[in-house]
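Each chain gets a letter, A, B and so on, in the order its sequence line appears, and its residues count up from 1.
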There are 2 protein chains.
Amino acid sequence: MTSDNMAPARRNRASAKQASMADVARQAGVSMITVSRMLRQPDLVTAETRRRIEEAMAEVGYVPNLVAGGLAATRTQVVAAIVPYIQHGVFADAVQGLSDALSPSKYCVLLGNTAESSEGEEAIVRTLLGHRPAGLVIQGANHSPATRQLLRKAQIPVVEMGTLPDEPIDCCVGYSNRQAAIAMTERLIAGGRRRIGFVGADPSQNDRHAQRLDGYRVALEAAGLDFDPRLVVRARFGIAQGREALAHLIAVEPKLDGLFCASDLWAAGAVYECTRRGIAVPDAIAIAGFNDQELAAEMVPSLTTIRVRRHEIGFVAGNLILARIEGSESGHKRIDVGFELIARESA
Amino acid sequence: MTSDNMAPARRNRASAKQASMADVARQAGVSMITVSRMLRQPDLVTAETRRRIEEAMAEVGYVPNLVAGGLAATRTQVVAAIVPYIQHGVFADAVQGLSDALSPSKYCVLLGNTAESSEGEEAIVRTLLGHRPAGLVIQGANHSPATRQLLRKAQIPVVEMGTLPDEPIDCCVGYSNRQAAIAMTERLIAGGRRRIGFVGADPSQNDRHAQRLDGYRVALEAAGLDFDPRLVVRARFGIAQGREALAHLIAVEPKLDGLFCASDLWAAGAVYECTRRGIAVPDAIAIAGFNDQELAAEMVPSLTTIRVRRHEIGFVAGNLILARIEGSESGHKRIDVGFELIARESA
DNA sequence: TTGAAAGCGCTACCAT
DNA sequence: ATGGTAGCGCTTTCAA
């Protein structure tokens with residue numbers, strides 16, 4: 001029962017080498033090109049021929065070599081996806097959406113993690129481009145000149161996700177991080193908050209967070225409130241970092257009465273820290289998040305946050321790529337999927 | 001400044017076609033094979049030649065075609081990774097680990113989502129194998145006979161992750177889900193709990209959860225407690241589903257005093273539901289999770305759970321694959337990374 | 001509806 | 001240390 005690997009050449013080449021298209025053709029008594037055709041445009045082949053080929057494929061255990069196919073056709077069945085960390089739910093959602101859009105067309109996702117560094121990004125873009133993907137999606141839009149150059153020269157559809165740059169490399173699908181941040185900050189202000197903190201990622205490495213910070217600042221100043229750099233915390237992602245941020249901020253500013261976190265993880269951490277310290281949320285401090293991640297709706301108190309349809313962003317990006325590959329050049333080069341302010345208990 | 005795409009043939013072929021290795025060779029005044037060598041074994045090339053080639057590569061904007069390389073060498077720089085959903089943090093952690101292990105060697109991850117169905121799994125395995133990956137890692141070990149057959153015939157290293165099957169296809173790296181479940185159930189029992197519920201995924205589709213369910217049952221029976229099928233809930237993943245599960249269970253069994261959730265998400269949902277209903281955790285009901293996901297340590301009350309080093313599992317899997325590719329066939333075919341019971345507040 | 005020949009861009013193998 | 005010659009396994013013309 002375990003004769004798969006070591007079987008001494010049952011039938012044709014049971015173990016020796018992988019079966020090739022030539023083997024299938026021979027077995028079916030047709031030419032290679034007919035096998036190739038039946039795989040890609042079955043309608044052009046007689047039902048009878050098709051049957052014979054299918055039988056032959058099963059017989060020899062044929063798995064088409066997409067590498068050879070990709071080389072011959074000078075186009076692969078692969079789409080590259082570049083995100084800072086696949087481990088972060090926010091990016092994984094988009095990649096899932098991408099994968100879901102691509103799967104019906106048999107395209108696969110080739111993954112690249114940049115670790116949120118621009119050198120890392122350029123290196124990974126280079127490598128992924130070497131695999132000659134049919135298209136590429138990438139998180140954000142603040143790429144180094146070298147990276148932009150590479151992407152342009154690649155002559156494939158490129159989709160920047162999660163933001164709406166003024167000058168996309170090719171296409172983009174996202175929403176206005178700035179407007180979303182403005183909306184949330186305005187809400188906090190409208191709720192009577194005056195000393196509002198901000199937690200975000202390094203704005204020089206993360207353009208989405210840079211825009212959220214910008215929106216926060218704009219909204220404050222529009223309301224005649226001070227933008228106080230001491231109330232701006234730069235953090236690594238994580239719930240624990242949210243706790244720390246809150247601890248830091250109330251030390252710096254005991255009158256803190258509002259907090260806008262550019263990610264739900266930080267907001268959750270801040271809320272938990274308040275809970276532990278007996279600080280009432282939102283009565284003493286209103287805390288808002290960003291992303292509407294799963295725990296936002298479920299935790300106690302639930303999180304007021306910005307909902308972004310991340311799976312949809314990836315899905316739309318995938319369909320954009322497919323449309324471009326198929327040549328239906330479709331006008332839309334800049335798709336705004338919008339955002340939604342979800343008002344819950346925490347703010 | 002935007003002349004990348006449309007520039008009318010500056011230098012050599014600025015826009016026409018992608019530069020090939022032949023172009024680089026011509027430009028550098030060497031043969032193709034020397035370029036190839038310099039890319040893969042720079043030591044075998046004179047410093048001077050190297051410099052000329054590097055210059056030429058920059059000049060023509062060369063990005064090596066890994067598809068052609070893969071075909072010629074009959075081995076690619078790609079490792080396939082198959083998980084139920086990349087969107088689930090638990091799987092994304094392992095994929096991140098895999099990617100982190102492979103990156104230094106310039107291997108990329110080709111992603112496949114099975115959506116946790118065996119037909120889906122076979123289809124995605126077929127497609128990924130078509131890309132002739134140098135290795136493949138896959139979550140779990142309950143694959144259909146056809147899938148196992150495909151994987152065997154592929155003649156590449158295969159690593160099954162997250163479990164320790166009796167008969168791995170090739171290698172595996174994981175831990176005993178059964179032992180972990182036994183340990184946690186025993187803890188609940190030792191804490192005086194007598195009516196203990198269980199929440200898990202469909203055991204027929206998810207072997208890890210099947211083993212956790214088994215461990216729960218074994219521990220109950222070893223303690224002389226009834227295994228009551230009414231207290232076993234099968235759920236889809238999610239915090240909300242954990243709330244529902246708790247609601248359902250206390251309706252079925254008002255005397256419920258313990259709950260073992262095979263994922264932290266369910267445990268978190270159950271805890272939140274208790275909080276909302278004013279049920280004291282752990283006093284009235286002890287609730288235990290599984291995975292030690294990020295929120296487990298942070299939420300209030302914090303979650304007693306099983307810690308599994310998921311990133312490490314992926315990382316080890318990646319290194320196993322690399323070792324196999326390099327031929328250092330290394331004996332370890334079955335790596336147990338163990339688990340840890342993390343005692344916190346909820347149980 | 002089917003087939004023959006010519007590559008796709010690179011690496012392996014053998015020379016030198 | 002460098003180069004020439006064959007392919008890798010498919011798809012793309014074109015032809016029948």
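Within a 6.0 Å radius of CZ in B/R50, other residues, nucleotides and ligands contribute more than 12 heavy atoms.
Annotation: ring pair (Phe, Tyr, Trp, His ring centres under 6.0 Å) contacts involving residues 38-87 of chain A, sequence neighbours excluded, comprise A/Y85-A/H88.
Side-chain contact check for A/Q87 and B/H311: no donor-acceptor pair (N or O, by modelled atom type) lies under 3.5 Å. When only modelled atom types and interatomic distance are considered, B/D23 and B/Q27 share no side-chain donor-acceptor pair under 3.5 Å.
Qualifying side chain to side chain contact (heavy atoms under 4.5 Å, CB included) partners for A/A94, counting only residues two or more places apart in sequence or in other chains: A/M161.
Applying the 4.0 Å criterion to OP1 and OP2 of D/dT2, one finds that B/T49 has a side-chain N or O inside that range.
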inquiry  = Return a single string for nucleotides 8-16 of chain D, one symbol per nucleotide in 5' to 3' order, where B is base contact, S is sugar-phosphate-only contact and - is none, cutoff 4.0 angstrom on heavy atoms.
reply    = BBBBB----
